[in-house]
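Encoded as structure tokens, the structure appears first; notes follow it.
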Amino acid sequence: MNYTDFVTANAGAFLRSRNIGFDMLATLAREQGFDGAQVLLTSSPVHGIATATSDIDLICVTPQAVSKGQMATQIHRDGQHCEILPIGADDLAQAFSDLALLSRCSLPQRLAGYQRWDSGHAVRKKYLERIVYAVATDGRAHHIAHLPALVPVVAAQEYDAFHQGRVCAMLAERAGELDAARGYLINACLSAMAAALSLGGWVLSNKKWTLRRWREAAGPRMRVVDALLQERLTAMWSSVCELAPAATTQEIAALDEIDRRLGLLLGAPSLSGAMPHTTAPCTQAALDKRSAFLIGGDGRARLAATIEAQDAPADLASLATIATAHAASLLRSARSGTLNFSLVAANSSAEEKEDAHALAD
């Protein structure tokens with residue numbers, strides 16, 4: 001897939017549909033004081049999935065220093081809603097340099113590095129993804145050369161989300177929560193689709209576009225997805241979305257082959273079927289966005305999973321045989337945030353850990 005041609009053609013078609021040109025975008029940037037900036041059109045217009053109500057998202061790469069907390073400017077002009085965000089050229093160069101280093105790490109280290117990316121970089125990861133595919137007002141995709149570094153990093157995140165959804169689907173099925181198991185299966189399927197699309201070079205973390213991109217990727221214009229994954233995931237999506245009374249063991253078992261294929265394509269076949277996990281034991285904690293709480297009669301907030309929590313088994317295969325109460329306990333722990341099945345906990349060498357620490361510094 002030639003993504004340079006893909007994004008430039010999409011950008012041109014979008015601007016024509018709005019009866020505007022690159023010159024209008026450059027003018028908007030100049031009016032905001034970005035005379036010497038590289039003005040980039042990003043997001044859905046360059047991916048070819050913009051709708052009639054889509055915003056025009058612009059990023060201005062400027063030689064001046066930019067505050068890390070800089071907000072996008074909202075502009076309405078001639079019926080168009082535009083957002084303009086400045087990003088420092090030096091910050092962007094550092095971000096691309098770190099992304100290249102991260103892409104060469106082991107999968108667990110890629111996960112860990114990208115999860116903490118925003119805390120250590122002026123260019124947040126959602127904007128980094130957008131800039132890679134962006135088309136400048138001269139009609140060129142100047143940053144598409146960084147796509148090979150972006151692909152393995154984002155694909156690892158999507159694979160990890162798939163893995164966690166798979167584990168929770170197995171737990172829910174064993175716990176007798178069959179509707180929940182189907183919900184986890186749907187999430188796992190969407191994450192696997194996003195991972196497969198990313199591996200094909202089409203990275204877009206916004207989940208609202210996953211199904212549309214999946215269908216378009218199968219068409220004659222693109223065909224960027226691995227053939228086996230295209231067949232298996234399309235069939236699975238049809239199965240899990242049927243109005244059936246419950247998820248089935250057969251559907252959950254079908255995730256095994258998808259897991260093996262993704263692990264192989266990601267260069268981490270040894271992690272396929274693994275079940276590393278981390279725990280955060282506590283009886284009380286401050287309320288945060290990661291945790292679910294029960295309010296006790298004494299007025300204190302407690303993590304639901306701390307009530308009769310049990311240990312997770314050592315491997316994924318063991319989940320198929322654990323008792324109902326055990327599965328329910330593990331599922332409560334996962335939902336409350338005291339138990340995490342992310343592959344970031346997988347073993348890695350001391351040398352890889354040192355590389356990750358150096359990158360963070």
Side-chain angles (χ1 to χ4, degrees), residues 1-11 42-51 54 57 99 102-103 107 110-111 114 125-135 141 143-166 185-241 254-255 257-268 271-272 343:
M1 177 69 180
N2 186 324
Y3 282 100
T4 298
D5 291 347
F6 177 68
V7 296
T8 53
N10 289 335
T42 72
S43 302
S44 58
V46 301
H47 286 283
I49 51 178
T51 67
S54 294
D57 294 321
L99 181 68
L102 190 60
S103 70
L107 189 141
R110 272 179 265 159
L111 291 173
Y114 213 48
K125 55 188 177 184
K126 76 172 184 178
Y127 295 121
L128 187 67
E129 291 180 16
R130 293 179 184 180
I131 291 170
V132 168
Y133 292 94
V135 177
H143 304 291
I144 201 73
H146 298 285
L147 184 56
L150 182 67
V151 163
V153 175
V154 177
Q157 307 300 306
E158 304 292 2
Y159 176 56
D160 192 47
F162 159 76
H163 170 79
Q164 293 183 63
R166 179 189 179 202
L185 273 170
I186 289 172
N187 285 337
C189 193
L190 287 170
S191 295
M193 287 176 176
L197 287 164
S198 293
L199 285 167
W202 199 2
V203 175
L204 187 58
S205 294
N206 192 328
K207 294 298 183 291
K208 73 178 181 180
W209 299 116
T210 300
L211 275 179
R212 178 173 171 182
R213 292 192 302 131
W214 183 257
R215 295 181 181 118
E216 291 190 9
R221 187 168 72 116
M222 300 190 72
R223 293 198 176 278
V224 299
V225 177
D226 175 78
L228 185 148
L229 290 174
Q230 182 76 54
E231 177 186 351
R232 299 294 191 273
L233 285 170
T234 298
M236 173 162 284
W237 182 255
S238 297
S239 178
V240 299
C241 289
L255 296 176
E257 186 177 19
I258 294 169
D259 182 35
R260 286 192 296 270
R261 186 61 178 170
L262 284 172
L264 181 65
L265 293 173
L266 279 160
L271 293 180
S272 180
L343 291 169

List the residues meeting salt bridge (Lys or Arg N to Asp or Glu O under 4.0 Å) with Arg215, not counting sequence neighbours, and say none if there are none. none
Between side-chain atoms of residues 193-200 and protein atoms elsewhere (two or more places apart, or another chain), which donor-acceptor pairs fall under 3.5 Å?
from	atom 1	to	atom 2	distance (Å)
Ser198	OG	Ala194	O	3.0

Provide the full list of salt bridge (Lys or Arg N to Asp or Glu O under 4.0 Å) pairs with a residue in residues 146-162, sequence neighbours left out, each pair given once. Glu158-Lys207
Applying the side chain to side chain contact (heavy atoms under 4.5 Å, CB included) test to Ile144, which of Ile131, Thr4, Thr8 qualifies? Thr4
Set of side chain to side chain donor-acceptor pair (under 3.5 Å) partners for Ser54, sequence neighbours left out: Thr51
Tell me, do Val132 and Val203 make a side-chain contact under 4.5 Å, heavy atoms counted? no
Once rounded to the nearest 0.5 Å, what's the spacing between atom OG of Ser191 and atom OH of Tyr159? 12.5 Å
Identify the two heavy atoms, one from Phe162 and one from Ala192, that lie closest to each other, and give their separation to 0.1 Å. CD1-CB, 3.7 Å
Looking at every heavy atom in both Val135 and Val7, which two are closest together, and how far apart are they? CG2-O, 3.6 Å
For Tyr133, the ring-ring contact (aromatic ring centres under 6.0 Å, His included) test, sequence neighbours excluded, returns His47
In chain order, what residues pass the ring-ring contact (aromatic ring centres under 6.0 Å, His included) check against Tyr3, with sequence neighbours excluded? Phe6
Kindly indicate whether the side chain of Trp202, heavy atoms from C-beta on, has any atom under 4.5 Å from the side chain of Val225. no
Specify the closest pair of heavy atoms between Arg213 and Leu204, including all atoms of both residues, with the distance to one decimal. NH2-O, 3.1 Å
Residue set satisfying side chain to side chain contact (heavy atoms under 4.5 Å, CB included) with Ala134, at least two apart, ordered chain then number -> Leu40, Thr42
Taking atom CG of Leu255 and atom CZ of Arg260, what is their separation to the nearest 0.5 Å? 11.0 Å
Drop me the distance from Ser103's OG to Leu150's CG, to the nearest 0.5 angstrom. 9.5 Å
Heavy-atom closest pair, residues Ala156 and Leu107: CB-CG, 4.0 Å
Side chain proximity check, Leu264 to Ser272, heavy atoms < 4.5 angstrom: no
Contact list for residues 190-202, test salt bridge (Lys or Arg N to Asp or Glu O under 4.0 Å), sequence neighbours left out: none
Tell me, which pairs form a salt bridge (Lys or Arg N to Asp or Glu O under 4.0 Å) where one or both residues lie in residues 189-200, sequence neighbours left out? none
Minimum side-chain heavy-atom gap Trp237-Ile186 below 4.5 Å: yes
Can you find a heavy atom in the side chain of Val154 that is under 4.5 Å from one in the side chain of Tyr114? yes
In terms of heavy-atom contacts, Leu266 and Ala155 come closest through CD2-CB, 3.6 Å
Got a second to check how far Leu229's CG is from Met236's CE, nearest 0.5 Å? 11.5 Å
With Glu257, which residues qualify under salt bridge (Lys or Arg N to Asp or Glu O under 4.0 Å), at least two apart? Arg232
Holding to salt bridge (Lys or Arg N to Asp or Glu O under 4.0 Å), I want the full list of residues that pass it with Asp259, two or more places apart in sequence or in another chain. Arg166
Calculate, to the nearest 0.5 Å, the distance between atoms CD and CD1 belonging to Glu231 and Ile258 respectively. 10.5 Å
In the structure I gave you, are the side-chain heavy atoms of Ile49 and Glu216 within less than 4.5 Å of one another anywhere? yes
Taking only residues two or more places apart in sequence, or in another chain, which ones meet Glu129 in a salt bridge (Lys or Arg N to Asp or Glu O under 4.0 Å)? none
Any donor and acceptor pair, going by atom type alone, linking the side chain of Arg261 with main-chain N or O of Asp226 inside 3.5 Å? no
First locate atom OG of Ser238, then atom CG of Leu233, and finally report the distance between them rounded to the nearest 0.5 Å. 11.0 Å
